[in-house]
Structure formats: structure tokens, C-alpha cells
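Data block below; observations after.
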Protein chains: 2
Amino acid sequence: MKLGEGVEAAIHCAATLASVEGNSTMPGAALAESFGLSPSYLLKHLNMLTAARILESVPGPAGGYRLARAAERITLLDIVLAIEGREPAFRCGEIRRNGPVKIDASAYVKPCGINAAMLRAERAYRAALAEVKLSEIVAEYAAEGDPRSRAASCAFVERHQRRQKSGSTDQT
Amino acid sequence: MKLGEGVEAAIHCAATLASVEGNSTMPGAALAESFGLSPSYLLKHLNMLTAARILESVPGPAGGYRLARAAERITLLDIVLAIEGREPAFRCGEIRRNGPVKIDASAYVKPCGINAAMLRAERAYRAALAEVKLSEIVAEYAAEGDPRSRAASCAFVERHQRRQKSGSTDQT
DNA sequence: TTATCGTGGATAATTTTTATCTGCAATATG
DNA sequence: CATATTGCAGATAAAAATTATCCACGATAA
């Protein structure tokens, strides 16, 4: 069981974007630089966040990304599912059926108990992630993060955020 | 997030081995045939289960695998960890540090909140798996599985299990 | 008009997973 | 004791997923 690197990047980017003011945006290149990631690859992940309506993108100079809704309404689960996909980690291949003795398919209509147990565990995992709001992550960092690191983050945001002439102010 | 195919195979094999009598064993080749899996690859997984002390192996003709302890004392978590490894799915790469602005390492002594939240979710996942005993999986199948499928499984076990002359009867 | 930015597709490099094969040690059986 | 059967370890290879790069395109602020 393994989560792709993209998840960590996506969460950090979302957390950073939670700190930009109003409807300002931040370019993907700046986010990539901020974390020392390859820009072209990070854009793929940012695209997935956009497709999942977690981020909004604005083209053009002064364009970039911003949160599509308030950080209180974004959970870690939203982000993880957007990057890793919604399929469960355990996929029942129904290997019971692959034996030498062929049995009618009607014998396998009930879902196998193993599958059920694995999916239950995964629901617990997702439930735990769904309880963590992006705003909490940011708040915790603001409260307990090292001052030097925090100052650097703030400066970075200040330097790269771009105010919008007119944008959707739908911080619903 | 993805679990390897080996997990499903391993659980099914363990469940099958839970049905062999006493200290009898069943060869890996038979287990592979029973699920239509490649024998040489399945052996890798069975080896991991053996290394994790979930299975015991007996060499020689009449040899094979058996549970290393009672099915009541084996959980799905035991098996998943044996196959997938004990490392958490989320690994914090500390990408905060990789930005253009270098900050002293002492600024990052506190574990990042994102990491903490992800690990908490994974603990919930593992806790859920730890609650499911192999014996429950087997019992549920015996109680609710399709009779035809069950009969085939029983016949298969009966045909391939091999009684041991003398073996550890440590079904602790 | 120009420079900046996101988008999408094609492509490639890298790593992980899955799979196979071979020689070796252990051990019931006769 | 010889033989056949089994598990084990290591090398190797095939396949798939992940990670990464590049380029042509449309949008837009200045």
C-alpha cells in the first residue's frame, strides 16, 4: 500500500493557496519552486485538483491557481481522492473463481467476505481523512510551526500572489 | 493508493489453510492451482507470510504450508502488513524544505501536521483490519457461502492436505 | 501586440510490480 | 540409501504504473 508523491505535493499546494488573500491567484510555477518540484509534473496534479473542483485556475498573465471554495470546506479526503482516484485500494479479483473446478457464476453472487472487510477498513481510513479540514492544517501550522519557516512561507506567498482585476468571489 | 494483488492471494491462502485439519500441510502448488495463480509468484507471497510467522512451512514430500498459530489469532492486518510491508502508505518527503529559501534544519524538528493527519488516518485503517480475525472470515464463509462453492473448497482441501508424521502441534 | 499563464497530448525515463527459471537443501518413502 | 517431492533464495526478465519532460495551443492582462 503506497500513496503517490503527488498527494503530499497537492496538500502542500492547497495549504499554500489557502493563505493567498481574497481571490488572488498563484502560478503553478511558483508553487513548484516553493517545494522544489518539477513544474511540468506538478501541473498534472494541480490539474486534477482543478478537475475535482478543489482549485480554480485563471489563465493569462496574473493568472494561476486559487482555492475553489473556502478552506473550511476542503478536507484531506477531497484532495487524496482527487489525486489517487476514487477506487478502493483493495480490488477483489474474485480469485476464488479461477480454480480448476468451474462452478456456476450464480455461486458467487454474494460479495466475498474478505472484500467486505477490506472495504470496511478503507471506509474507516477515508472517514478519518474526511474529518481533517484544510483550514485546520493551516491553522495548526500558523499556531505551532517554526517562526522562521512561517515567515519564509508568508514572504513567498506575498511575493507570488497576484491580485485579480475581477474574479469569482465565490468563497462559499 | 493501491494494494498489490498479492494481498488478496495471501488472505485466500490463509483462509484455505485454516481449513486443513490438525497439523496437516498443503503444498504451495496446490494453493496456486486452487486460485489459478502462477505458482512461482505465489510462493514469494507465501514466503513472506512464513517470514512473518503467520505460516509455517514443512519441506520434503508431504510437505507444504500450514498456519503457524490458530486462526483466531491471525488478523487481516497481520497478513496485509506481511505482504505490503510495515511502512505507512504516506511518506512525508518534507518537501517544505526543498524550496529556494534555505532555512536551518532546526526549523523542521516538529513533524509536519499533514504527516500527522495522514498517519492518524492510516492508524484507523489498520485498527479496522486488526479487528477482523481469519477465523471470522472462515466462519462467515462457512455460514453464508454458496453451498456449491463450499463443497468444492472442502473437496479441494481434502484432496490436497497432507497429514504429518510428527509436527509441531503448537496451535497455540 | 506581446509576454505570461493554464491545458492537453505525446513521449520518455524510472521505479514497482508481477512473473519465471534454476540450483540447492530438507525429508518422507520405499 | 536412492529417489522424488517440496520449500527457499537469487538472478533475471516482462509488464505496468509512476514520475517527468516537452511542445503546440488558447486565454488574457498589460
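Keep in mind that what you see is a predicted model, and the values were worked out from it rather than measured. Atom set for the values below is all heavy atoms of this structure, side chains included, hydrogens, waters and symmetry mates excluded. Chain letters run A, B, ... following the sequence lines, proteins first, then strands; residues in each count from 1.
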Taken to the nearest 0.5 Å, the spacing of A:Ser24 OG from A:Arg163 CZ works out to 5.0 Å

What integer distance in Å separates [X]:[atom1] from [N]:[atom2]?
X: B:Gln164; N: D:dT6; atom1: CD; atom2: P; result: 12 Å
X: B:Leu3; N: C:dT16; atom1: CG; atom2: C1'; result: 14 Å
X: B:Asn23; N: C:dT27; atom1: CG; atom2: P; result: 15 Å
X: A:Tyr65; N: C:dC5; atom1: OH; atom2: C1'; result: 9 Å
X: A:Ile83; N: D:dT19; atom1: CD1; atom2: P; result: 11 Å
X: A:Leu43; N: D:dA24; atom1: CG; atom2: P; result: 17 Å
X: A:Met26; N: C:dG6; atom1: CE; atom2: C1'; result: 16 Å
X: A:Arg91; N: C:dT18; atom1: CZ; atom2: C1'; result: 13 Å

Can a donor-acceptor pair be found, under 3.5 Å and without considering hydrogens, that links the side chain of [X] to the backbone of [Y]?
X: B:Glu8; Y: A:Gly93; result: yes
X: A:Arg86; Y: A:Leu81; result: no
X: B:Lys102; Y: B:Gly99; result: yes
X: B:Ser153; Y: B:Ser149; result: yes

Any side-chain N or O of A:Arg162 below 4.0 angstrom from OP1/OP2 of C:dC5? yes

Exercise. Side-chain N or O of B:Ser57 less than 4.0 angstrom from OP1 or OP2 on D:dC8?
Worked result: yes

Hey, what bend do you get for the helix from C:dT1-D:dA30 to C:dG30-D:dC1 if you fit axes on five pairs at each end, rounded to 10°?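 Overall, the helix from C:dT1-D:dA30 to C:dG30-D:dC1 bends by 10° from one end axis to the other.
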
Discussion item. For B:Glu94, run the side chain to side chain donor-acceptor pair (under 3.5 Å) check against B:Arg96, B:Arg97, B:Arg91 and tell me which one passes.
Written reply: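 Only match with B:Glu94 under side chain to side chain donor-acceptor pair (under 3.5 Å): B:Arg96.
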
The side chain to side chain donor-acceptor pair (under 3.5 Å) partner of A:Asp78 among A:Arg69, A:Arg73, A:Lys133 is A:Arg69

Margin query: Starting the side chain at C-beta, find the nucleotide from D:dA29, C:dA28, D:dT6 nearest to A:Ala62.
Written below: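 Closest nucleotide among those given: D:dA29.
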
Winner on side-chain proximity to B:Asn47, out of D:dC8, C:dT7, D:dT5, is D:dC8

Residue closer to the 5' end of DNA chain D, B:Gly60 versus A:Gly4 (nearest nucleotide) =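 Mapping each residue to its closest nucleotide by heavy atoms, the 5'-most match is B:Gly60.
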
Can you check nucleotides 19-23 of chain C for protein contacts, nitrogen or oxygen pairs under 3.5 Å, and list what you find?
unit_1	atom_1	unit_2	atom_2	d
C:dT20	OP2	B:Ser38	OG	2.8
C:dT20	O4	B:Lys44	NZ	3.4

Original post:
Taking a hydrophobic cluster as the set of Ile, Leu, Val, Met, Phe, Trp and Tyr residues connected by side-chain heavy atoms closer than 4.5 Å, whether directly or through intermediates, do B:Leu3 and A:Val80 fall within one such cluster?
Top reply: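 Yes, one cluster joins them.
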
The answer to which of A:Lys2 and A:Thr50 contacts DNA chain C further toward the 5' end, by nearest nucleotide, is A:Thr50

Near A:Arg159 CZ, under 6.0 Å, is it more than 12 heavy atoms from other residues, nucleotides or ligands? yes

Exercise for review: Give one of base, sugar-phosphate or nothing for A:Leu46, where a contact means two heavy atoms less than 4.0 Å apart.
Suggested key: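 Since no nucleic acid heavy atom lies under 4.0 Å of A:Leu46, the category is nothing.
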
